[in-house]
Amino acid sequence: MPELRKLANEYKTIPLKEVKHLLRSPIHEERLLSLFLLLHRYSKGDEPEKKRVYELYLKNTKFINNWDLVDSSAGHIVGAFLFDKSKKPLYDLVKANNLWKRRISIISTFYFIKRNQFSDTLKISKILLSDKEDLIHKAVGWMLREVGNRDMSVEENFLKKHYKNMPRTMLRYTIEKFPESKRQRYLKGKI
């Protein structure tokens with residue numbers, strides 16, 4: 001990954017058309033490079049450029065098809081763009097059959113979490129409680145844990161309502177940093 005970041009920095013001014021070409025590559029590393037290029041464009045861009053990057057991202061989600069591709073980009077592009085706008089696109093993504101779109105939905109909320117806005121993370125997490133995919137369970141657990149890192153009471157209120165219905169992996173990821181005795185109570189259903 002360090003080599004890809006170095007390349008992205010070196011070629012940060014290549015045309016968006018070329019970035020799109022890389023994003024559609026069958027080679028994973030080229031897609032990751034394209035996302036690093038998009039991250040740079042987004043972070044340095046004005047509002048119209050940010051909108052172009054966001055739209056390109058959402059129009060090409062079928063190529064953002066691995067956990068590392070989603071996790072390294074969704075919050076910084078989709079979450080950042082939607083922070084002060086309607087969150088409807090996240091709720092459209094969370095309903096998708098495609099697991100990567102659902103993961104983009106929850107990981108995008110990391111941007112909100114870092115700014116102490118938790119409501120969309122909690123709503124999307126609740127929607128994903130019945131998801132069958134392990135990679136979704138891990139992502140939701142991770143985001144709930146991040147909520148707890150900033151406000152433990154918000155995380156615990158969510159857990160008290162939903163821990164009995166959470167997939168085991170989701171619960172384990174959520175409570176990973178809890179003291180052992182509290183972790184065991186949640187795992188044994190004795191809260």
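Since the model is a prediction, treat every value here as computed from it, not as a measurement.
In this structure, Glu10 CD and Thr13 OG1 are separated by 10.0 Å, a value rounded to the nearest 0.5 Å. Summarising the geometry, atom CE belonging to Met170 is positioned 11.0 Å from atom CG belonging to Leu159; distances are rounded to the nearest 0.5 Å. Here the straight-line distance linking atom CG of Leu135 with atom CZ of Arg102 works out to 10.0 Å at 0.5 Å rounding. Separating the CG atom in Leu39 from the CZ atom in Arg5 is a distance of 7.5 Å, to the nearest 0.5 Å. In this structure, Asn65 CG and Asn60 CG are separated by 11.0 Å, a value rounded to the nearest 0.5 Å. Note that CD1 of Ile124 is 4.5 Å distant from CG of Leu90, once rounded to the nearest 0.5 Å.
Between Arg150 and Glu146, at least one side-chain N (NZ, or NE/NH1/NH2) sits under 4.0 Å from a carboxylate O, which counts as a salt bridge. Salt bridge status for Asp71 with Arg103: present, with a side-chain N to carboxylate O gap under 4.0 Å. Checked for salt-bridge contact, Glu47 and Lys51 miss the test: no charged N lies under 4.0 Å from a carboxylate O.
Paired with Arg41 under the rule side chain to side chain contact (heavy atoms under 4.5 Å, CB included), one option of Glu49, Lys50, Lys12 passes, and it is Glu49. Residue Ile77 forms a side chain to side chain contact (heavy atoms under 4.5 Å, CB included) with just one option from Leu56, Ile64, Leu38, and that option is Leu38.
Residue Lys164 comes nearest to Gly189 through the heavy atom pair CE-O, 4.2 Å, listed as atom of the first residue, atom of the second, then distance. The minimum heavy-atom distance linking Asp131 with Pro167 is given by the pair O-CG, 4.4 Å. Between Ser86 and Pro89, the closest heavy-atom pair is O-CD, 3.5 Å. The two residues Tyr111 and Gly79 have their closest heavy-atom pair at CD2-O, 3.6 Å. Of all non-hydrogen atoms in Ile191 and Lys160, the two that sit nearest each other are CG2-CG, 4.2 Å. When every heavy atom of Leu128 is checked against every heavy atom of Val140, the shortest pair comes out as CD1-CG2, 3.6 Å.
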Show your reasoning for whether side-chain contact (heavy atoms from CB on, under 4.5 Å) applies to Thr174 and Phe158. CA-CA 11 Å; Thr174 304; Phe158 184 89; over 6 Å; no

Set out, in order, the CA-CA distance, both residues' side-chain angles and the distance that settles salt bridge (Lys or Arg N to Asp or Glu O under 4.0 Å) for Glu180 and Arg183, then state yes or no. CA-CA 5 Å; Glu180 184 61 23; Arg183 279 184 67 251; 2.6 Å; yes

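In this structure, Lys87 is positioned above the aromatic face of Phe112, its NZ or CZ under 6.0 Å from the six-membered ring centre and within 45° of the axis. Taking the ring centre of Phe63 as origin, the terminal cationic atom of Arg24 falls outside the region bounded by 6.0 Å and 45° from the ring axis.
In Tyr173, the OH atom is not crowded: 12 or fewer heavy atoms of neighbouring residues, nucleotides or ligands sit closer than 6.0 Å. The local environment of CG in Asn97 is sparse, with at most 12 non-hydrogen atoms from other residues, nucleotides or ligands closer than 6.0 Å. The number of heavy atoms from other shown groups lying within 6.0 Å of NZ (Lys85) is above 12. Residue His28 qualifies as enclosed at atom NE2: its count of foreign heavy atoms under 6.0 Å is above 12. For Lys161, the NZ atom counts as loosely surrounded, since its 6.0 Å shell holds 12 or fewer non-hydrogen atoms of other residues, nucleotides or ligands. Heavy-atom neighbours of Tyr11 OH from other residues, nucleotides or ligands within 6.0 Å: at or below the threshold of 12.
Side-chain contact, Asp134 with Thr169: a donor N or O sits under 3.5 Å from an acceptor N or O. There is no side-chain donor-acceptor pair under 3.5 Å between Glu156 and Tyr163.
Residues Ile175 and Met166 have side chains not in contact (no heavy-atom distance under 4.5 Å, counting atoms from C-beta outward). Between Val78 and Leu58, the closest side-chain pair of non-hydrogen atoms falls below 4.5 Å. Put simply, the side chain of Met152 reaches to within 4.5 Å of the side chain of Phe178, judged on heavy atoms. The side-chain heavy atoms of Trp142 and Ile107, taken from C-beta on, include a pair separated by under 4.5 Å. Between Tyr91 and Asp120, some side-chain heavy-atom pair lies under the 4.5 Å cut-off. Using a 4.5 Å heavy-atom threshold, the side chains of Ser108 and Leu82 count as separate.
In this structure a side-chain-to-backbone donor-acceptor pair under 3.5 Å is present from Asn157 to Ser153. Formation of a donor-acceptor pair under 3.5 Å by the His137 side chain with backbone atoms of Arg172 is not found in this model. With hydrogens and angles ignored, the 3.5 Å screen pairs a side-chain donor or acceptor of Arg168 with a backbone N or O of Leu187. With hydrogens and angles disregarded, a donor-acceptor distance shorter than 3.5 Å links the side chain of Arg31 to the backbone of Ser25.
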